[in-house]
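Heads up, the thing below is written out as structure tokens.
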Amino acid sequence: MKRYLILFCVLVGVAALWADNVRFAVDGPRQVIQGQQFQLEYTLYNASGKNLKLPDFTGCKVLYQGTSSGTSVSVVNGKVDRQTTETHVITLRADKEGSYTFAPATISADGRTFSTNTWKLTVLPPDKAGASSGGSSSQSGRQGSDDTALFIRTVLSKTKVYEQEAILATIKLYTRASGVQAESYSFPSFEGFVVQDIDLPQNTSFELENYNGVNYKMAVLKQCLLFPQRTGKITINPGKYEFQVETYQLVNGPFGPMRVPQGVSRAVSSNAASVEVMPLPGGKPASFMGGVGNFSLSSSISSTHVKANEAITLKLVIKGSGNLKYLKNPELKLPNDFDTYDPKVDVSVKASAGGVSGSRTVEYTTIPRFAGTFKIPAVEFSYFDIKSKQYKTLRTEEYEITVDKGAPGSGGKTVSNFSNKEDLKLLNQDIHYIKLNKMNLVQSPTMYIDGWAYWLWYIIPALAFIAFVIINRKQAKANANVALMKNRKANKVASKRLKEAGKYLKNHDKEHFYDEVLKAVWGYLSDKLGLPNSELTKDNVAAELEKYGAGAELIAEFNEILSRCEFAQYAPSQSDEAMDELYTQTVEAIGKMENTVKK
């Protein structure tokens with residue numbers, strides 16, 4: 001009986017686990033061209049279904065429907081994983097241009113009803129006859145015939161904004177070629193903006209997009225949020241890119257003409273773009289902390305009833321979307337009898353195409369030193385609301401703090417009654433009572449010492465002090481020259497980063513290897529040439545290297561290293577030999593730079 005009970009429990013557990021693995025999903029294209037046939041696949045996993053109900057496919061016509069099933073078995077570390085699939089393939093034709101959302105499909109299995117997610121589909125118009133394939137090459141970087149067209153666009157969500165208002169910048173690649181591989185690139189520098197990058201999937205995928213009446217395969221190369229730092233017209237310079245485009249050439253084969261693929265290098269530039277930045281309106285409130293966006297404010301306090309010399313923590317939380325990372329902290333006015341400390345700030349934000357959203361937490365720590373009742377006034381925080389184009393002021397609640405008299409010997413001083421000054425207690429006994437008893441004061445006899453041994457006790461410390469002052473001044477002068485100190489330590493800092501890159505090289509960690517080498521080279525050039533991070537571009541570096549005295553060959557070598565590192569994330573693969581070669585090349589280039597005598 002016990003064995004049957006155990007077997008029954010095992011079977012129930014397996015059945016429950018199998019039921020948890022049952023799911024119903026939909027898959028297919030997200031964009032199609034009007035008149036094109038396509039398929040949507042509705043797949044039921046680990047069950048056999050019935051009563052399939054499909055949604056209305058608005059804008060499309062169902063041509064036919066088919067069903068297929070399959071089983072897959074995998075063994076990993078001795079564990080057998082078995083999965084069955086039942087796929088319902090719906091073949092449709094896109095008849096009407098537009099954007100559509102198909103409702104979930106449902107199916108019954110194992111006594112339950114399962115449903116898919118909704119499916120969004122965009123039907124693009126067909127290519128217009130005589131439409132321009134991306135514009136002229138001088139403006140959009142288009143090169144080649146229609147089947148190999150390729151160009152880059154810098155697309156801005158807004159071209160007229162207020163100072164500190166976020167702009168979404170998207171750099172898009174358009175092509176009609178069957179295959180494209182990036183060789184090198186240089187994105188716009190976005191001078192005049194603070195840049196917040198948006199994380200993109202590592203594997204760049206193409207989707208269809210209709211531009212100027214022509215359908216292209218489009219991939220997003222870079223997406224970031226721009227926060228303008230000055231008013232007026234700001235121009236975004238073009239980026240420069242090099243690609244390997246796959247084309248086909250007709251050759252005579254043994255059975256007639258054959259199409260043979262071949263790669264062609266293309267150099268293109270993205271379009272320049274400009275933004276008009278308006279100043280914020282006048283009449284800024286006194287509590288304006290530079291916030292531009294939409295925010296909320298809340299506060300909390302650790303305790304409103306404490307003893308003297310006990311710490312109180314007041315926490316302010318600013319939530320919303322906008323330039324959270326670049327706000328000033330709200331001003332907190334505390335009673336004079338409170339000791340205050342620098343606030344602790346924690347910023348947690350997430351950048352997306354919709355903007356930067358998150359929270360900014362500011363914790364103020366204060367210690368009341370006297371007993372009594374005190375008030376912490378409300379904290380005000382003003383910001384500029386983009387939607388209403390007006391300043392808005394938020395306020396926290398006012399807190400009343402009751403401070404009791406502290407315990408004797410607690411290390412501070414307390415006053416329980418401010419009118420009674422005799423109640424003052426001096427803790428730690430840092431001031432002693434005046435001795436009132438009779439004292440016999442005796443003058444010590446003087447001694448006259450004649451000889452060098454006596455005077456050397458004064459001369460040697462005096463000479464040592466003078467030497468210390470001279471050396472300290474020279475060292476302080478050298479430390480004050482930040483550029484000189486960075487120049488001297490540039491090689492040391494770069495060596496540390498290259499050592500770290502060497503570890504990634506041994507572990508075949510390509511992504512972190514190229515990232516660490518890129519940081520090492522940029523950091524070395526910044527310290528060596530005295531360039532701030534905001535001015536670190538290839539053109540600026542090349543000009544400064546030439547001023548420094550570096551030869552054209554060394555300048556080209558640094559540019560090649562930077563290009564290879566920056567491009568690595570877009571290349572489908574990089575061999576270990578290429579990584580070894582880049583590592584050696586970087587070490588040699590820095591060595592040559594160290595041996596270069598400054599002009």
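Please read all numbers here as calculations on a predicted model, not as lab measurements. Only heavy atoms go into these numbers, but all of them, side chains included; no hydrogens, no water, no symmetry mates.
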Q.
Would you call the rings of Phe381 and Phe295 parallel, tilted or perpendicular, taking 30° and 60° as the class edges?
A. perpendicular
Q. Can you check whether Leu225 reaches Val195 side chain to side chain, under 4.5 Å on heavy atoms?
A. no
Q) Closest approach of Leu582 and Cys565, non-hydrogen atoms and distance? A) CD2-SG, 3.7 Å
Q. Atom CG of Asn237 and atom OG1 of Thr154: how far apart are they, to the nearest 0.5 Å?
A. 9.0 Å
Q: Would you confirm whether Ser270, through its side chain, and Gly239, through its main-chain N or O, come within 3.5 Å as a donor-acceptor pair?
A: yes
Q: Return yes if some donor-acceptor pair links the side-chain N/O of Tyr391 with the main-chain N/O of Pro281 below 3.5 Å, else return no.
A: yes
Q. Can a donor-acceptor pair be found between the side chains of Thr170 and Gln223 at a distance below 3.5 Å?
A. yes
**Q.** SB check Lys350 Asp199 (cutoff 4.0 Å)
**A.** no
(Q) Between Trp119 (side chain only) and Pro29 (backbone N and O only), is there a donor and an acceptor less than 3.5 Å apart? (A) yes
**Q.** Whether Asp346 side chain and Thr361 backbone form a donor-acceptor pair below 3.5 Å
**A.** no
Q: Answer yes or no: is there a side-chain heavy-atom contact under 4.5 Å between Glu191 and Gln229?
A: no
Q) Should Leu562 and Trp522 count as side-chain neighbours, where that means a heavy-atom distance under 4.5 Å? A) yes
Q. Looking at side-chain heavy atoms only, is the closest gap between Phe114 and Tyr45 below 4.5 Å?
A. no
Q: Give the intermediate values and the outcome of side chain to side chain contact (heavy atoms under 4.5 Å, CB included) for residues Glu41 and His88.
A: CA-CA 6 Å; Glu41 297 182 351; His88 301 269; over 6 Å; no
(Q) Working note: Val220 + Leu200, criterion side chain to side chain contact (heavy atoms under 4.5 Å, CB included); need CA distance, chi angles, decisive distance, verdict. (A) CA-CA 8 Å; Val220 176; Leu200 297 176; 3.9 Å; yes
**Q.** Sidechain N-carboxylate O distance under 4.0 Å for Asp385, Lys389
**A.** no
(Q) Using modelled atom types and a 3.5 Å cut-off, is there a donor and acceptor pairing between side-chain atoms of Lys217 and backbone atoms of Ala177? (A) yes
Q) Would Glu276 and Lys233 pass as an ion pair if we require N to O under 4.0 Å? A) no
(Q) So does Asn559 get a backbone contact from the side chain of Ser563, meaning a donor-acceptor N/O pair under 3.5 Å? (A) yes
Q. If every non-hydrogen atom of Leu297 is compared with every non-hydrogen atom of Ile318, which pair is closest and at what distance?
A. CD1-CG1, 3.8 Å
Q) Got a second to check how far Tyr514's OH is from Leu518's CG, nearest 0.5 Å? A) 11.5 Å
Q | Step-by-step side chain to side chain contact (heavy atoms under 4.5 Å, CB included) determination, Asp27 to Tyr42 | A | CA-CA 7 Å; Asp27 190 23; Tyr42 291 87; over 6 Å; no
Q.
Is a donor from one side chain sitting under 3.5 angstrom from an acceptor on the other, for Ser321 and Ser357?
A. no
Q | Asn323 side chain to Gly291 backbone, donor-acceptor under 3.5 Å | A | no
Q) Going by an N to O cut-off under 4.0 Å, is there a salt bridge joining Lys61 and Asp95? A) no
Q.
Can you give me the closest heavy-atom contact between Arg230 and Val277, atom names plus distance?
A. O-CG1, 3.2 Å
Q: Identify the two heavy atoms, one from Leu226 and one from Ala169, that lie closest to each other, and give their separation to 0.1 Å.
A: CD1-CB, 3.8 Å
Q) How close do Arg360 and Leu324 get, heavy atom to heavy atom, and via which atoms? A) NH1-O, 2.9 Å
**Q.** Closest non-hydrogen atom pair between Tyr162 and Pro279, with its separation
**A.** CD2-O, 3.5 Å
Q: State, yes or no, whether a side-chain contact exists between Lys319 and Val317 at a heavy-atom distance under 4.5 Å.
A: yes
Q) Do the two ring centres, one from Phe227 and one from Phe193, sit under 6.0 Å apart? A) no
Q) Once you round to the nearest 0.5 Å, how far does CG of Leu156 lie from CD1 of Ile167? A) 6.5 Å
**Q.** Pair Gln181-Glu246, side-chain donor/acceptor within less than 3.5 Å
**A.** no
**Q.** Check: Pro104 main-chain N/O paired with Asn117 side-chain donor or acceptor under 3.5 Å
**A.** no
Q: For the residue pair Gln65 and Leu54, establish whether any side-chain heavy-atom pair is separated by less than 4.5 Å.
A: yes
Q) Got a second to check how far Lys120's NZ is from Ser99's OG, nearest 0.5 Å? A) 9.5 Å
Q: Check for a donor-acceptor pair, side chain of Thr175 on one end and backbone N or O of Ala149 on the other, with a separation under 3.5 Å.
A: yes
Q.
For a side chain to side chain contact (heavy atoms under 4.5 Å, CB included) check, start with the C-alpha distance between Thr116 and Thr106, then their side-chain angles and the critical distance, and finish with the verdict.
A. CA-CA 7 Å; Thr116 65; Thr106 61; over 6 Å; no
Q: Answer with yes or no whether the side chains of Glu209 and Tyr174 bring together a donor and an acceptor at under 3.5 Å.
A: yes
Q) Taking side chain as C-beta onward, heavy atoms only, is Val275 less than 4.5 Å from Val161? A) yes
Q. What residues form a salt bridge (charged side-chain N to carboxylate O under 4.0 Å, His left out) with Asp197, not counting sequence neighbours?
A. Lys222
Q) So how far is it from Asn215 CG to Asp127 CG, rounded to the nearest 0.5 Å? A) 4.5 Å
Q.
Less than 3.5 Å apart, any donor N or O on the side chain of Gln244 or Ser265 sitting next to an acceptor on the other?
A. yes
Q | side chain to side chain contact (heavy atoms under 4.5 Å, CB included) partner of Gln31, chosen from Leu208, Asn210, Val123 | A | Leu208
**Q.** Interatomic spacing from OH in Tyr64 to CG in Leu92 - rounded to 0.5 Å
**A.** 10.0 Å
Q | Ser382 versus Ser287, side-chain donor and acceptor atoms under 3.5 Å | A | yes
Q) Just by distance, do the side chain of Asn51 and the backbone of Ser108 share a donor-acceptor pair under 3.5 Å? A) no
Q: State, with a plain yes or no, whether a side-chain heavy atom of Phe57 is found less than 4.5 Å away from one of Leu40.
A: yes
Q: Go through Tyr216 and Phe206 one step at a time and tell me if the ring pair (Phe, Tyr, Trp, His ring centres under 6.0 Å) criterion holds.
A: CA-CA 9 Å; Tyr216 294 95; Phe206 284 93; over 10 Å; no
Q: Measure centre to centre between the rings of Tyr383 and Phe288, then say whether the value is under 6.0 Å.
A: no
Q: Assess whether atom CG of Asp56 is packed by more than 12 heavy atoms of other residues, nucleotides or ligands within 6.0 Å.
A: no
**Q.** Arg266 NZ/CZ over Phe243 ring centroid, <6.0 Å and within 45° of normal
**A.** no
